[in-house]
Amino acid sequence: MPIGSLAVSRRALLAASGLAALPARAQGAWKPAREVRILCGFAPGGAGDLLCRLMADALRAQWGQTVIVETRSGAGGIISAEACARAAPDGHTVVLATMAMLTVSPQLPGVTMPINMETELTPIASLAGIYKILVAYPQAPFRDVPSLIAHARAHPQAVAYGSAGVGSSPHLAAELFARQAGVELTHVPYRGGAPAITDLVAGRIGFMIGNMPEFLGQIRGGGLRAIAFGGSTAAPALPDLPLIKQWLPGYDVSNWFGFCGPGRLPPEILAAWNAALQAALADPPTRARMVEAGMEIMGGPVASFTNLIAADRQRWGGVIQAAGIRGD
């Protein structure tokens, strides 16, 4: 057969298989061609910053490429999300996203969002859940969930709880608790979790429902009393602590982290990023560091992350509306 005929036959075979239309790079797994940026909207030293750095180390080892964590803190992570949305959708920029960023802030009355979270970011993968835990001032007149509910019913609005601000996950977690328990509580918002914890340890507020890693040191040192977990499982660090849902069956809250890319991220890049993150989450040293930090390892396909976002948008949207919560 003439050489020209061979070439024509090969082109015909490629066309029939659909490969001829794909660029050469797309025929294999996508990899970054230059430095990769992970944008983190939270201060160094926290759980979000640690998770970003663990993922950066694992991705660097997989890709043989520089992966940096760039801190762009402020506005509950929204500043970093906007920076990611404005980046080119070429796989070289992603952002750490939280439950509040993707599901609460976009539907909080009085809050003006600089981007559309549903169209200008592409969910890539869920990474870690953060155990929610109810903690109290050690001298508070309640020691468990039933006595907290009983005390709040006997003294409407006398029990105060703290949060990291209006619309934050501790605010919504306590509001959901109040609604399901049928009690009236007083919300005291702070400019961040640290000052709220300071006042809780000092007894200026009665309790909080927040991220376990932020409380663990005070719990172990006796500065706070751990009462119950807010999710469906207990953390390995406190395996004997009960769950709030033992008394309020419909109560199940957790915070989570994931990665998003800019909107319109090409399917082959999205798939490669998701696969790389699943490999990172399967790495034993990485898993050990995450568990040690009080994180629950998540992961899974893109669809499971998008479904999680949709479900939490519906849940917290209902709480926001029923409680009349506003961000202004």
Side-chain angles (χ1 to χ4, degrees), residues 22 25-42 47-70 77 80-81 84 87 89-99 101-103 117 121-131 211 213 231-233 235-236 254-312:
L22 295 176
R25 189 185 67 178
Q27 296 180 30
W30 175 88
K31 289 185 178 181
R34 60 180 187 278
E35 178 182 276
V36 171
R37 293 187 305 157
I38 298 175
L39 304 180
C40 180
F42 305 94
D49 176 71
L50 171 62
L51 181 59
C52 286
R53 295 184 188 283
L54 289 174
M55 292 299 103
D57 289 344
L59 293 170
R60 194 177 299 119
Q62 287 186 55
W63 286 332
Q65 187 60 265
T66 300
V67 182
I68 65 167
V69 177
E70 184 176 313
S80 63
C84 181
D90 58 8
H92 293 86
T93 302
V94 298
V95 64
L96 179 75
T98 68
M99 182 270 288
M101 285 169 58
L102 296 182
T103 73
M117 290 290 193
L121 291 178
T122 301
I124 296 174
S126 59
L127 299 174
I130 305 297
Y131 293 96
N211 298 332
S232 57
T233 58
S254 62
N255 196 6
W256 44 257
F257 292 115
F259 274 177
C260 290
R264 305 174 308 282
L265 198 64
E268 68 273 15
I269 297 179
L270 176 60
W273 258 100
N274 183 274
L277 291 172
Q278 303 316 308
L281 293 173
D283 176 59
T286 301
R287 294 175 68 88
R289 288 288 308 280
M290 291 173 66
V291 171
E292 180 184 355
M295 300 180 193
E296 183 179 13
I297 298 163
M298 296 178 70
V302 175
S304 69
F305 190 29
T306 57
N307 290 340
L308 174 64
I309 294 168
D312 273 355

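In this chain, numbering begins with 1 at the start of the sequence shown.
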Minimum heavy-atom distance [X]-[Y], with the two atoms named:
X: C84; Y: P262; result: O-CG, 3.3 Å
X: L39; Y: S80; result: CD1-O, 3.6 Å
X: P123; Y: V302; result: O-CG1, 3.6 Å
X: F257; Y: A47; result: CE1-CB, 4.2 Å
X: A128; Y: M290; result: CB-CE, 3.7 Å
X: G91; Y: W273; result: O-NE1, 2.9 Å

Non-neighbouring partners of [X] that pass side-chain contact (heavy atoms from CB on, under 4.5 Å), sequence neighbours left out:
X: T122; value: L265, L270
X: T233; value: Y131, E296
X: D283; value: P285, T286
X: A81; value: M101, I115, M117, L121

Q.
So, using ring pair (Phe, Tyr, Trp, His ring centres under 6.0 Å) as the criterion, who are the partners of F305 when residues are at least two apart?
A.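 Once residues adjacent in sequence are excluded, the partners of F305 under the ring pair (Phe, Tyr, Trp, His ring centres under 6.0 Å) criterion are W256.
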**Report entry** For V95, the option from C40, C260, C52 that meets side-chain contact (heavy atoms from CB on, under 4.5 Å)
**Finding:**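 The option that passes is C260.
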If you define the side chain from C-beta out and look only at heavy atoms, does anything of I130 sit under 4.5 Å from M99?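 No; the side chains remain at least 4.5 Å from each other.
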Indicate every side-chain donor-acceptor pair of residues 274-281 with a distance under 3.5 Å to a residue at least two apart or in another chain.
from	atom 1	to	atom 2	distance (Å)
N274	ND2	I124	O	2.9
N274	ND2	G300	O	3.1
Q278	OE1	G300	N	2.8
Q278	NE2	N274	O	3.4
Q278	NE2	G300	O	3.0

Any chance you could measure [X], atom [atom1], to [Y], atom [atom2], to the nearest 0.5 Å?
X: S126; Y: I297; atom1: OG; atom2: CD1; answer: 11.5 Å
X: L59; Y: T66; atom1: CG; atom2: OG1; answer: 12.5 Å
X: D312; Y: L102; atom1: CG; atom2: CG; answer: 10.0 Å

Which salt bridge (Lys or Arg N to Asp or Glu O under 4.0 Å) pairs, counting each pair once, include a residue from residues 51-64, with sequence neighbours left out?
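Applying salt bridge (Lys or Arg N to Asp or Glu O under 4.0 Å) to every pair that reaches into residues 51-64, excluding sequence neighbours, yields D49-R53, D57-R60.
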What residues, two or more places apart in sequence or in another chain, satisfy side-chain hydrogen bond (donor to acceptor under 3.5 Å, both in side chains) together with [X]?
X: R287; value: none
X: R34; value: D90
X: R37; value: E70, T93

Could you check whether any side-chain N or O of H92 sits under 3.5 Å from a backbone N or O of A33, counting only pairs where one atom can act as donor and the other as acceptor?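 It does hold such a pair.
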